[in-house]
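Worksheet: the structure to be examined is printed underneath.
What you are looking at is a predicted structure, and each value in this text was computed from that prediction instead of being measured. Every heavy atom of this structure was used, including side-chain atoms; hydrogens, water molecules and symmetry mates were not. Position 1 is the first residue of the sequence; numbering continues from there.
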Amino acid sequence: MLSKQDNELMCRTGAGTAQGDAMRRFWLPALQLSDMPAAGADPKTIELLGERFVAWRDQDGRPGLFAEFCLHRGASMQLARAEGDGLRCIYHGWKFAVDGTVLETPNVADPKFKERIKGRTYAVREAGGFLWAYLGPRDQEPAFPQLPFMDLDDDHRINANAVVNCNFVQVIEGLVDSSHLTVLHASGLAKTAGVDLDFAKKTTHMQFDASPQIEAEETEFGFHYVAMRGAGEGRRMARVASFIAPCFVANPNGDLWFAVVPVNDERCNFYHVWWNAEKPIGQEPLRTQQLSFVGLDDETLTRHGMTATTCDGPTAMGWKNGYHQDRALQRAGHFTGLASFTQEDAACSVSGGAIRDRSQEMLSTADIAISRLYRVLLASARAARDGQDVPTVHVDVSGVVGVSSEIGSDEDWRGLVPQHRAVSSTTAKPAGRTH
């Protein structure tokens, strides 16, 4: 359990908070490129870490991310005019380029005045289907991360997002909790047999063992943990997931990556990326088949209020609509009565409250990775609070992976990830079980 003070320290990410300052030291996905305005189109306002920003492309297609409020007198740049090489504030006509260069200040007679000032814009990169942004101090910008899917085109990659109305930590908890998979997703896993999707093939075995042996290690990049289930004849299936600070997870399937980015303290963008260098999974029908199977298709997300345009509406998951749980379906044999994997995870995360009170939770040996998550996140927040460098900011994460493989009963799972440098480890074995 966590004290209420530590819970607040871990979960709050707004401007001026310790965790918020820590997260602003990293490159973060600001939005999917599919949601970016076209070249020269109207600006788009987004919320990230409790602040609003304006995303835009100039006439040459160069992306920019502006602080919402104009440098001059604070009018919203959401109202700005798109004019070729810059955005013009409609209040007094100041015009800004995507890199913050002040192009015109028509109400100021001194022609050199604009050379002495700089618009509030942020460093951005386009990679892997995202517009990435760095929101921290300009003189402390870290190296841009190189991730395995970034060199693949849209035909070999699937990007998807679910908007979840709770704190980001609650969603990440589900991603580093292997023991819930067999229980919560029992009905979904039961349907994986015979399904010709890579995701189904790599997860079908998890329906048979709800209490895997779990071990965890803190690493330079955050932590990784393994869930080991019996595979027969002295073999074990070892699934290693990696949490990469501040909010990324490399799934054990090896071809699935998550980012859980706070919109604000009570909402987050839950980004998914699948990739396959050999198979055109981004093309139809594979793309729709994959998204529909896990509940990330547009129709299912919209029906559950899990899109940017529906997350504030009446369909958003909550106690008033019973989180869209179908009790008749449940009585008919479906374990949860919820639509799919994504909705099952979201319902459990959202139902704990916008920011879950962890002072009363009772962790067990199945929750070793959860406690590691708390430790890593709190270490980052405390470092930022105390004026120290956030420990994971400058770590090269290009070799960090998730992996799943059969190993022998006496074989060390760490051999699956020899490139991961550990800091400390914890081992837990379920009562009454041996491997």
Please tell me whether Trp94 and Glu104 have a donor and an acceptor in their side chains that are separated by less than 3.5 angstrom.
no
Check the angle between the aromatic planes of Trp257 and Phe149 and answer parallel, tilted or perpendicular using the 30° and 60° thresholds.
tilted
Residue pair Tyr374 / Arg358, side-chain donor-acceptor N/O under 3.5 Å:
yes
Among side-chain atoms of Arg229 and Ser178, is any donor-acceptor pair under 3.5 angstrom?
yes
Does a donor on one side chain and an acceptor on the other come within less than 3.5 Å for His185 and Asp345?
yes
Any side-chain to backbone donor/acceptor pair from Arg372 onto Phe223? Under 3.5 Å, distance only.
no
Do Asp265 and Asn167 meet the criterion of a side-chain donor-acceptor pair at a distance under 3.5 Å?
no
Looking only at heavy atoms, which two atoms of Val294 and Gln343 are closest? And how far apart?
O-OE1, 4.4 Å
Check the side chains of Arg327 and Gln325 for a donor-acceptor pair under 3.5 angstrom, ignoring hydrogens and angles.
yes
Of all heavy-atom pairs linking Leu2 and Leu378, the shortest is CD2-CD1, 4.0 Å
Any non-hydrogen side-chain atom of Asn264 less than 4.5 Å from a side-chain atom of Pro262?
no
Cation-pi check for Phe144 against Arg125: NZ or CZ below 6.0 Å from the six-membered ring centre and within 45 degrees of the axis, yes or no?
yes
Looking only at side-chain N and O atoms, does His420 offer a donor or acceptor that is under 3.5 Å from a partner on His224?
yes
Do the non-hydrogen side-chain atoms of Val273 and Phe130 ever get within less than 4.5 Å of each other?
yes
